[in-house]
Number of protein chains: 2
Amino acid sequence: MELLSSTKSFGGWLKRYKHESLSVKSEMTFAIYLPPQAETQKVPVLYWLSGLTCNDENFTQKAGAFRKAAELGLAIVCPDTSPRGMDYPNEHESYDFGSAAGFYINATVEPYSNTYHMYDYVVQELPHLVEANFPVTDKRSISGHSMGGHGALICALKNPGKYQSVSAFAPIVNPTNCPWGEKAFTGYLGEDIATWNEWDATLLIENASERLPLFIDQGEADNFLVEQLKPEALEAACEKAGHPITLRRQPGYDHSYFFIASFIDDHLEHHSRALG
Amino acid sequence: MELLSSTKSFGGWLKRYKHESLSVKSEMTFAIYLPPQAETQKVPVLYWLSGLTCNDENFTQKAGAFRKAAELGLAIVCPDTSPRGMDYPNEHESYDFGSAAGFYINATVEPYSNTYHMYDYVVQELPHLVEANFPVTDKRSISGHSMGGHGALICALKNPGKYQSVSAFAPIVNPTNCPWGEKAFTGYLGEDIATWNEWDATLLIENASERLPLFIDQGEADNFLVEQLKPEALEAACEKAGHPITLRRQPGYDHSYFFIASFIDDHLEHHSRALG
């Protein structure tokens with residue numbers, strides 16, 4: 001790991017690192033916020049997964065999360081949203097596929113299958129790296145926005161016991177049934193849609209072995225609500241399976257980080273309670 | 001005024017407008033945050049002046065100020081940092097002169113003297129526009145960062161009674177005696193340095209007719225501290241003149257918005273107390 005920058009914030013430190021990732025076979029950048037408590041004790045970690053077009057900096061600069069994280073003694077780790085540095089066909093042509101759009105899955109279609117293993121990176125490699133190098137406990141929670149909300153939900157649902165809590169802002173809850181998800185899954189997983197199902201939170205609910213409560217905020221003025229996000233699909237699946245979900249529809253709020261900032265404190269408190 | 005966007009944030013609304021400015025003779029963009037209280041009553045206004053390279057968006061996206069502004073019932077107005085749309089000699093060549101570097105003064109050297117009247121814009125035109133078009137009182141306070149901290153200090157010191165309070169983050173307190181200020185003042189005001197003095201907070205202190213307390217935060221790890229910012233010059237002038245100043249030196253903090261975000265709540269509370 002190479003330290004890129006270190007910035008004091010709310011008595012703690014925001015640090016950015018780059019490292020050679022084994023799972024995505026490229027150089028990856030991530031950020032970690034260490035609250036003041038980390039100077040004298042190990043602290044639990046919230047993983048934050050960002051949305052389309054983002055990198056590790058959007059959340060750190062715009063979410064306004066560190067005040068509450070410093071109060072609660074919570075570290076926050078922000079990975080990038082895709083591998084970087086390749087030049088695959090169609091990788092850099094659109095905002096919703098390829099670079100900055102890794103969808104937190106493991107690709108199976110070449111050439112993306114060579115490096116687009118964001119699921120392995122986020123679930124395995126990054127926690128391993130973080131827990132080996134920083135004053136953190138092995139208690140983890142996960143959250144994210146939009147594509148990253150989808151990522152947080154599938155990471156939690158596919159890994160019982162790995163996360164103490166999960167939440168999301170405006171997540172893509174049913175990617176097998178919306179344009180963003182269909183485009184990405186076709187490109188990363190191919191035409192056999194049976195292989196898509198294991199990466200879809202709404203479809204994972206039925207067989208979830210752990211009933212980890214889902215905590216979700218969704219803006220009602222979100223331009224992507226009807227066509228891409230469809231929280232009602234996840235809500236219905238949870239109702240059918242008896243899976244606990246709190247879905248808050250926030251009147252007037254859009255898809256931006258101004259929405260996230262308005263409610264991030266509630267999410268951090270939710271995770272802090274679960275992390276103990 | 002033309003509304004560019006309207007975004008809900010912490011129960012209030014962040015709105016961006018463009019308008020034809022009379023004082024700077026060009027189209028200007030500004031942002032206003034209206035807290036929830038503005039739906040039913042008039043609220044006081046804090047003017048925020050941003051630093052070099054910024055526009056109206058840096059503060060709104062990165063300062064994390066709206067949570068506390070919503071709690072206190074404080075509107076925040078963020079102007080741009082220079083006129084836009086011209087193409088004067090040397091206007092767009094460097095980050096510290098011309099576009100995004102108006103220094104909140106009235107230029108006297110052609111061609112800048114035609115439009116670079118950011119002082120008139122911030123002190124006269126913008127408050128007039130804001131108070132005529134939004135549910136705000138005529139109680140005003142002013143703050144800013146770096147070049148904008150300089151701007152906030154000179155606006156307050158040159159206009160007794162106009163502002164209820166003033167504060168600054170890492171301000172350029174003595175622009176007649178630092179490279180940023182010398183370059184800007186030479187370009188905007190010319191070689192006669194006697195004309196510079198009325199735009200320098202440290203030099204204005206001696207004859208300030210109103211003893212408005214100065215509230216300043218300065219990061220001790222700020223890369224610009226020694227060469228450009230020199231808060232000790234203002235501190236000495238205040239001590240000599242008996243002008244009240246609170247200068248907090250914050251160990252470990254740099255010049256970034258992570259520094260501003262860490263202490264913005266203290267500034268908003270300072271202004272809210274003064275605004276009543």
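The chains referred to below are lettered A, B, ... by the order of the sequence lines, with proteins before strands, and numbering in each begins at 1.
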Specify the closest pair of heavy atoms between A:Gly149 and A:Ala168, including all atoms of both residues, with the distance to one decimal.
CA-CB, 3.8 Å
Within the 4.5 Å heavy-atom criterion, are A:Tyr95 and A:Trp180 side-chain neighbours or not?
yes
The interface call for A:Ser6 against chain B, heavy-atom contacts under 4.5 Å, is neither
So which of B:Lys8, B:Gln250, B:Arg67 has the largest heavy-atom pair count under 4.5 angstrom toward chain A?
B:Lys8
For a quick check under 3.5 Å, do A:His267 and A:Asp217 share a side-chain donor-acceptor pair by atom type?
yes
Heavy atoms only, distances under 4.5 angstrom: which of A:Pro251, A:Ala65, A:Ser262, A:Gly64 has the most pairs with chain B? Name it, please.
A:Ser262
Taking side chain as everything from C-beta outward and backbone as N, CA, C, O, which of these in A:Tyr257 sits under 4.5 Å from a heavy atom of chain B? Side chain, backbone, both or neither.
neither
Structural part of A:Phe263 lying under 4.5 Å from a heavy atom of chain B:
neither
Is the backbone of A:Ser9 close enough, under 3.5 Å, to the side chain of A:Tyr33 for a donor and an acceptor to pair up by distance?
yes
How far apart are the C-alpha atoms of A:Ser165 and A:His270, what are their side-chain angles, what is the distance that settles it, and do they pass the side-chain hydrogen bond (donor to acceptor under 3.5 Å, both in side chains) test?
CA-CA 8 Å; A:Ser165 52; A:His270 171 79; 4.8 Å; no
